[in-house]
Amino acid sequence: MSLADKLLWQIEMRLHTSVTLADLSDACAISPYHMARSFRMATGLAPMTYLRARRLSVAASTLANGDHDILTVALDAQYTSHEAFTRAFAAYFATLPNVVRKARSTTNLTLMEPLQMNKDMIIDIPAPDIKTRPAMRITGLSTACTFDDTSAIPGLWQQFNAREEEVADNPAAAYGVCYDADGAGNFRYLAGMERTSTHPLPADMDSIDLPAGRYAVFTHNGHIADLPKTIYTAWNKGLSDAGLEPRQAPDFERYDRRFDVATGRGAVEIWIPVQ
């Protein structure tokens, strides 16, 4: 079962019980960030956003059946009061719970039905190489990102490519590192290289230490525009097919001399930390 499918199952099983993002990540044996990132790629939603939408949709269907009072439905949907449930319901559906209950219908509501993985994003990729590498420090330029907005990353690479000699005298590879992430989908992205230059570090550059460890290395071949599909497949199928579980550490892309910056074509390695 893919990570996204596993999380969808966990959410459906916990619609009527109290659950946190940490509970879901523990159940899926993955860090909150990696879980949220994989789920966002698979569904376009954050896990807790989807959970709230599913709970409200089930509540709407229950109200339309007219078998329960609003407070009972609210408590079943994990809201602590009639008022809190009504506010959330109205914000999501633009109508009140008692209106749906009186109408005995959800015809005019857009319900969140159980999602499935986006199969269009699954492509054929080679099995990963398993590599163990020592700790290293990557230095470069960084920017704040979210799962919803990574538009700053291409410009960041353009800035760094023009200044790479400030970091490495004879660079062998460049790295795109995702770090300082949280389960809500916020993270930092650093475009950089292993530091070899003896010049003082520019004040506007940052460094991130990558711990030693074991990685599943997936290789993308082709245009950089298709890289998201390779990453999506790696997280949502490649790892599970290989019987691997991710561990909590930054994941990164590695661009060596096989990648042509001018054309955007070539080989890019996706390094995912695994147990």
Side-chain angles (χ1 to χ4, degrees), residues 1-62 73-74 76-79 84-85 87-95 97 100 106 108-123 144-153 178-189 226-240 246 248 251 270 272:
M1 181 182 291
S2 73
L3 176 57
D5 281 333
K6 187 185 297 185
L7 182 52
L8 286 168
W9 173 256
Q10 289 293 332
I11 288 174
E12 288 301 310
M13 293 291 289
R14 298 170 186 235
L15 291 179
H16 305 297
T17 60
S18 177
V19 64
T20 65
L21 191 68
D23 294 332
L24 292 173
S25 66
D26 287 345
C28 294
I30 189 174
S31 74
Y33 163 69
H34 286 140
M35 179 187 69
R37 182 182 184 185
S38 178
F39 191 75
R40 178 75 191 190
M41 287 190 293
T43 67
L45 296 169
M48 299 307 285
T49 299
Y50 173 69
L51 173 60
R52 285 190 292 271
R54 284 290 297 132
R55 282 174 169 168
L56 289 169
S57 295
V58 171
S61 296
T62 302
V73 174
D76 199 37
Q78 299 305 297
Y79 289 88
F85 173 70
R87 286 195 299 271
F89 194 95
Y92 189 75
F93 290 118
T95 191
V100 175
T106 60
N108 295 323
L109 304 183
T110 301
L111 301 179
M112 176 63 74
E113 301 295 344
L115 291 178
Q116 295 183 345
M117 272 180 52
N118 184 356
K119 305 299 184 183
D120 292 338
M121 288 288 286
I122 296 293
I123 60 175
C145 296
T146 68
F147 294 141
D148 294 320
D149 186 7
T150 58
S151 59
I153 292 177
C178 298
Y179 67 106
D180 279 357
D182 62 33
N186 305 298
F187 66 98
R188 291 197 70 80
Y189 183 92
D226 295 322
L227 181 62
K229 287 187 177 182
T230 301
I231 295 175
Y232 179 96
T233 303
W235 277 101
N236 287 294
K237 189 173 185 295
L239 289 177
S240 58
Q248 189 162 353
D251 57 284
I270 299 111
I272 299 176

Practice item. Identify, with sequence neighbours excluded, every residue that meets ring-ring contact (aromatic ring centres under 6.0 Å, His included) alongside Tyr179. Key: none

Review point. Under the ring-ring contact (aromatic ring centres under 6.0 Å, His included) test, which residues partner Phe93, sequence neighbours left out?
Key: Phe89

Between [X] and [Y], what is the shortest heavy-atom contact and its length?
X      : Y      : answer
Leu45  : Met112 : CD1-CE, 3.7 Å
His16  : Gln78  : O-NE2, 3.0 Å
Pro47  : Ile11  : O-CD1, 3.9 Å
Ala234 : Ile272 : CB-CD1, 4.1 Å
Leu56  : Ala88  : CD1-O, 3.9 Å
Tyr92  : Ala53  : OH-CB, 3.5 Å

For [X], which residues count as a side-chain hydrogen bond (donor to acceptor under 3.5 Å, both in side chains) partner, sequence neighbours excluded?
X      : result
Glu12  : Tyr50, Arg54
Ser57  : none
Arg188 : Ser142
Ser151 : Asp149

Review point. Could you go step by step and tell me if Thr150 and Phe187 meet the side chain to side chain contact (heavy atoms under 4.5 Å, CB included) rule?
Key: CA-CA 10 Å; Thr150 58; Phe187 66 98; 4.1 Å; yes

Interatomic distance, [X] atom [atom1] to [Y] atom [atom2] [nearest 0.5 angstrom]:
X      : Y      : atom1 : atom2 : value
Asn236 : Phe39  : CG    : CZ    : 10.0 Å
Leu21  : Asp26  : CG    : CG    : 9.5 Å
Thr106 : Leu111 : OG1   : CG    : 4.5 Å

Less than 4.5 Å apart, any side-chain heavy atom of [X] and any of [Y]?
X     : Y      : answer
Asp76 : Thr62  : no
Val73 : Pro97  : no
Thr95 : Asn108 : no
Val19 : Gln10  : no

Exercise for review: Using salt bridge (Lys or Arg N to Asp or Glu O under 4.0 Å) as the criterion, list what pairs up with Arg14, not counting sequence neighbours.
Suggested key: none

Practice item. Take atom CG of Asp23 as the centre, draw a 6.0 Å sphere, and report whether it contains more than 12 heavy atoms from other residues, nucleotides or ligands. Key: yes

Practice item. Please identify each residue that fulfils side chain to side chain contact (heavy atoms under 4.5 Å, CB included) with Thr233, with sequence neighbours left out. Key: Ile122, Ile123, Ile125, Lys237

